[in-house]
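First listed ligand is number 1; within each ligand, the first listed atom is number 1.
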Amino acid sequence: MLGVQNLKKNFGGIQAVDNCTFSVEPRRITALIGPNGAGKTTLFNVVAGVVPSDGGTVRLGGHDLTRLPIHLRARLGISRTFQTVRNFSNLSLEENLRLAAEPRDQHFWQSIFIPRSAPKNQLLEILKRVGLEQPLNYPSKDLSYGQSKLLSLARALLMPHKILMLDEPVAGVAPTLREQFKELLPDLQARGETIFFIEHDMDFVRAVADTVIVMDQGRVLTEGTPNEVLRDQRVLDAYLGEQL
Ligand SMILES: Nc1ncnc2c1ncn2[C@@H]1O[C@H](COP(=O)(O)OP(=O)(O)OP(=O)(O)O)[C@@H](O)[C@H]1O
Ligand SMILES: [Mg+2]
């Protein structure tokens with residue numbers, strides 16, 4: 001599905017992504033883990049085309065995305081959520097689902113399918129699928145933090161896509177909603193979704209991921225099943241004794 005080869009990104013001397021090679025298999029849930037500053041978000045940004053790479057290739061399906069701008073990568077199937085929630089808090093759930101993410105992303109959003117004409121029942125269905133039972137006119141500012149992350153996920157699902165990329169879906173989310181996310185990802189997988197997510201919560205990673213890719217200092221340290229990876233001494237060392 002997603003194939004990344006020798007990908008590189010340098011920020012003024014910091015090799016944030018350092019020759020990364022891996023693939024994400026279709027209809028699998030793949031986690032990307034690693035200590036703070038390992039380069040996970042930068043890797044997502046380079047894959048999605050938010051920042052240009054300094055080398056390497058990114059392929060999705062049969063397409064070479066490497067030289068394509070963000071909106072064409074989105075059109076070819078990359079749909080994502082961000083580490084920090086980017087909903088419009090002064091708008092309703094419906095408006096958030098129908099509207100652009102951010103003014104500076106306007107070109108990106110205008111150039112892809114914006115479901116302004118999507119029937120209300122489609123919007124309700126997508127909210128229900130992520131477990132938001134509020135009415136469409138519900139003000140998004142009244143959502144809890146975890147619920148607003150569900151709204152971001154609903155928006156990502158609404159965009160036509162081949163892969164869902166989620167940057168820390170449960171960070172800062174209260175325990176009950178975290179459990180909801182834990183059921184939701186496999187549920188989406190069963191419906192045919194390919195999910196690639198970044199997360200620090202290892203309990204969550206163990207519960208939902210088929211494959212775990214570990215990054216440290218810009219590099220892919222190892223990959224395997226959660227069981228293999230989370231007892232690998234190199235991974236424990238990378239986390240410097242943090243509780244995994
Ligand atoms: N726009 C930028 N300009 C300069 N340096 C950056 C930029 N974005 C990231 N970096 C640096 O690149 C490295 C990787 O950062 P990144 O945000 O990708 O890490 P991360 O693995 O997502 O960390 P976290 O788990 O804390 O979210 C860090 O050293 C960071 O300071
Ligand atoms: Mg990050």
Would you mind checking if Lys128 and Glu133 are paired as a salt bridge, meaning a charged N to carboxylate O distance below 4.0 Å? no
Tell me whether Arg73 contacts the main-chain N or O of Leu76 through its side chain, where contact means a donor paired with an acceptor under 3.5 Å. no
Near Gln83, which atoms of ligand 1 are under 4.0 Å from a heavy atom of that residue? 27 (O)
Heavy atom of the protein closest to atom 26 (O) of ligand 1 (residue, atom name, distance): Asn36 ND2, 2.9 Å
Distance under 4.0 Å to a non-hydrogen atom of Glu168: what atoms of ligand 1 satisfy this? 25 (O), 27 (O)
For the residue pair Thr66 / Asp64, report whether a side-chain donor-acceptor contact shorter than 3.5 Å exists. yes
Could you tell me whether the side chains of Gln83 and Thr41 share a donor-acceptor contact shorter than 3.5 Å? yes
With rounding to the nearest 0.5 angstrom, report the OG1 to NZ distance, Thr42 to Lys8. 15.5 Å
Side chains of Asp210 and Gln189 only: does a donor on one sit below 3.5 Å from an acceptor on the other? yes
Atoms of ligand 1, numbered as shown, that sit under 4.0 Å from any heavy atom of Thr42: 9 (C), 14 (C), 15 (O), 16 (P), 18 (O)
Side chain or backbone, does Ala38 bring an N or O within less than 3.5 Å of an N or O on ligand 1? yes
What is the nearest protein non-hydrogen atom to atom 21 (O) of ligand 1, stated with its residue, atom name and distance? Lys40 NZ, 2.7 Å
Could you verify whether a donor N or O on one side chain and an acceptor N or O on the other, from Asn96 and Arg155, lie under 3.5 Å apart? yes
Is it true that the side chains of Asn137 and Ser92 contain a donor and an acceptor less than 3.5 Å apart? no
Heteroatom test (N, O or S) for Gln83 near the Mg ion (ligand 2), limit 2.8 Å: yes
Which residue holds the protein heavy atom closest to atom 12 (O) of ligand 1, what is that atom called, and what is the gap in Å? Ala16 CB, 3.4 Å
Is Thr42 close enough to the Mg ion (ligand 2) to have an N, O or S atom under 2.8 Å? no
Any non-hydrogen protein atom below 4.0 Å of atom 31 (O) of ligand 1? no
Closer than 3.5 angstrom, by distance alone: can the side chain of Thr30 be matched with the main-chain N or O of Val24 as a donor-acceptor pair? no
Under a 3.5 Å threshold, yes or no: a donor from one side chain and an acceptor from the other, between Glu125 and Asn121? no
re atom 17 (O) of ligand 1, the protein heavy-atom contact at minimum distance is Thr41 CB, 3.9 Å
So, does Gly39 sit close enough to ligand 1 that a heavy atom of it is under 4.0 Å from the ligand? yes
Heavy-atom distances under 4.0 Å are what count here, so tell me which part of Met215 touches ligand 1: side chain, backbone, both or neither. neither
Can you tell me the protein heavy atom closest to atom 3 (N) of ligand 1 and the distance? Phe11 CD2, 3.6 Å
Intermediate values then yes/no, salt bridge (Lys or Arg N to Asp or Glu O under 4.0 Å), Asp203 and Lys182: CA-CA 10 Å; Asp203 172 55; Lys182 221 184 247 179; 3.0 Å; yes
Nearest to atom 29 (O) of ligand 1, what protein heavy atom do you find, and at what distance? Ile14 CG2, 3.9 Å
Mind checking whether Leu43 has an N or O less than 3.5 Å away from an N or O of ligand 1? no
With a 4.0 Å cut-off on heavy atoms, is His200 touching ligand 1? yes
List the closest protein heavy-atom neighbour of atom 28 (C) of ligand 1: residue, atom name, distance to the nearest 0.1 Å. Gly37 O, 3.9 Å
